[in-house]
Structures are given as C-alpha cells and as structure tokens.
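To start, the structure itself, in structure tokens.
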Amino acid sequence: MRIATWNVNSLNVRLPHVLQWLQQAAPDVLCLQELKLEDHKFPRAELEAAGYQVAFTGQKTYNGVAILSRQPLEDIQYNLPNLPDEQRRLVAATVGGLRIVCGYFPNGQALGSEKYPYKLGWLNALHDWLQGELQRYPALALLGDYNIAPADLDVHDPKAWEGQVLVSPPEREAYQRLLALGLTDAYRHLQPDTEKAFTWWDYRMNGFRRNLGLRIDHILLSAPALDKLTACDIDREPRTWERPSDHTPVWAELQA
DNA sequence: ATGGCCGAGCGCCTCGGA
C-alpha cells in the first residue's frame, strides 16, 4: 500500500498535476492540502474517473484538505473535534484497516503574530485528539504539511532560519510531543542522515534550482504501521513541471 | 540588496503563504 501527501497550493490550478501524478506514481492513498476551493467546486468527477474515492473539506481562498483513495474510505472525520475552528485543516478516514489523518498545519506567519499562538494551540489540540485516535486505531499514519522543519538537517540554511517560524523551538517541541505519542518520521527512519532532502522551495530566488528548501511535509507512522514500512521518499519531479506547487509529494510504501 | 514568486479576490493592489 502506497500512501502519499502533497500540498498542491490550489487544486483549481493543480488538478492536471494531481491527475498526472496519480497516474505515474499510482498511490493507493493521496492526501492533499491547500485546496483553496469550496466544496461545491471540488473536482470529484475527475478524481473518481481516475479511480479514486474522495473525502474533502474546503473553504474559499484558504486551507482545505482531501483524502483520495482507491479503496473505500470509512469512518470519515472532518476537523479536530476538540477545537472549534472555521479553518478547514484536517480530514481523517480508515482505509484497509489503516487510519489516515491528513493535516494542513497552520503556518504561524511569525513569532510575534497572533497566528503563532493559534498554530501552537492547533498542535496541542491535534496532540490531545491523537491520543484517543491511536487507542481506537493502533495502525495510524499522520500525513500532511506540518509547517515544521523538525531539525536543522531539514533546513537549507539553519543559521538564516534560526528562531524563525517553521523552525522555532516551541514548534519543534510540539512536533516532538507528537513523536512521543509513539509516532515515527517515516523518511528519517529510513534515511537518518540524508542532507538537503526538502519538500518545499520558495518560488522566489530560484529556490528550487538552487535547492534552497525545507523539509516540512511529513509522514508519521504508529508502531504497527512502521512495522510494515518498506520505503519512503520525496518525489521532486512535480516541482519541475510547468506552473508547479511550491511543495512536492512525499510517499511511503507499506506491506499489505 | 530582507526583495525577488504565486494564488485568490468582484483586481489594476492587498493578503497569505513558508
């Protein structure tokens, strides 16, 4: 079973990219973030024609998440039940016994911004909700755009980024608290030392060509899911396509 | 050189992203 995550930065613009990647990467499950469209504009017919069932929750202009799956999606949940919030940032469903949680974590904007405590609060609510979720679903994968680079190894220029949003100690501590629930970073589990392995590059400054990026999109696995992990990688190819998202897909292969 | 790029919105500038 191949599972994947991709922040598409507008599904309106990126639907052709998504269809192309579904065809060539053939994931069983693909989690999408930053749909930037309302539910009535979700391209359900096109994705179903490609062989995928869909669960999604969106809003105009901002946020929005979806799970695409070849197998049926069961027990679908929208948003964090313990956090009243207008922002559409989470959808979860069970696929073949594996609990899939798709999240678009808040960016935080800047440490002095009111969006920063919102981010930390969201992370805290996610943590608390996951505790119960892991009890109900021991085999669980948390995929998405975390907007956190867990370690300096995940940052192209740690000195320039030091103390900024996406790498600040409180965010990294919140990320570590997720790991403390029994989750493991699939990519780092298999590639503990790989440098300059990024999932996002700024549109500006020729960021991608110069590989000035961050690793902020992740797949975290609970122990029963980690036992089945055989491969995990970042697919940089879609970032080379015409009019790309600033993020590129991350995928993991789990034994059946 | 602290900017540069994108996408969306009732657009011709602003906001948010990361």
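The shown structure was predicted, so the numbers you read here are calculated from the model rather than taken from an experiment. Below, read A as the first sequence line, B as the second, and so on, with proteins coming before strands; counting in each chain starts at 1.
Through direct or relayed side-chain contacts under 4.5 Å between Ile, Leu, Val, Met, Phe, Trp and Tyr, A:L190 connects to A:M1, A:I3, A:V29, A:V65, A:I67, A:L73, A:I76, A:Y78, A:V91, A:V95, A:L98, A:I100, A:Y104, A:L143, A:Y187, A:I219, A:L221, A:L226, A:L229, A:I234, A:V250, A:L254. Residue A:F208 shares its hydrophobic cluster (ILVMFWY side chains chained together at separations under 4.5 Å) with A:F198, A:W201.
Along DNA chain B, the nucleotide nearest A:L11 and the nucleotide nearest A:N7 are compared for position; the residue whose nucleotide lies closer to the 5' end is A:L11.
Comparing the C1' positions of B:dA18 and B:dG4 gives an interatomic distance of 15 Å, to the nearest angstrom. Separating the P atom of B:dC10 from that of B:dC6 is a span of 23 Å, rounded to the nearest Å. Between B:dC15 and B:dG11, the distance separating the two P atoms is 15 Å to the nearest Å. B:dT14 sits 15 Å from B:dG3 when the P atoms are compared, rounded to a whole Å. Separation of the P atoms belonging to B:dT2 and B:dG7 is 25 Å when rounded to the nearest angstrom.
Residue A:N147 is in sugar-phosphate contact alone, with no base atom involved, counting any heavy-atom pair closer than 4.0 Å across all strands shown. Here A:Y104 lies in heavy-atom contact (under 4.0 Å) with sugar-phosphate atoms only. A:D145 comes within contact range of the sugar-phosphate backbone alone, with a heavy-atom separation under 4.0 Å but no base atom that close.
Near DNA chain B, meaning a heavy atom under 4.0 Å from it, residues 154-177 of chain A has A:L166 in order of number.
Looking at A:R239, its side chain never comes within 3.5 Å of a backbone N or O of A:P244 through a donor-acceptor pair.
For A:E38 and A:K60, the salt-bridge test fails: no basic side-chain N is under 4.0 Å from an acidic carboxylate O. Between A:D154 and A:R188 a salt bridge is recorded (basic side-chain N to carboxylate O distance below 4.0 Å). Using a 4.0 Å cut-off between a side-chain N of Lys or Arg and a carboxylate O of Asp or Glu, A:R204 and A:D202 qualify as a salt bridge.
Residues passing the salt bridge (charged side-chain N to carboxylate O under 4.0 Å, His left out) test with A:D235: none are found, sequence neighbours excluded. Under the side-chain contact (heavy atoms from CB on, under 4.5 Å) criterion, A:Q24 pairs with A:Q20, A:W21, A:E237, A:W241, sequence neighbours left out.
When DNA chain B is scanned 5' to 3' for any atom under 4.0 Å from a heavy atom of chain A, the first and last hits are B:dG4 to B:dA18.
With 3.5 Å as the limit, one finds no donor-acceptor pair spanning the side chains of A:D145 and A:Q33.
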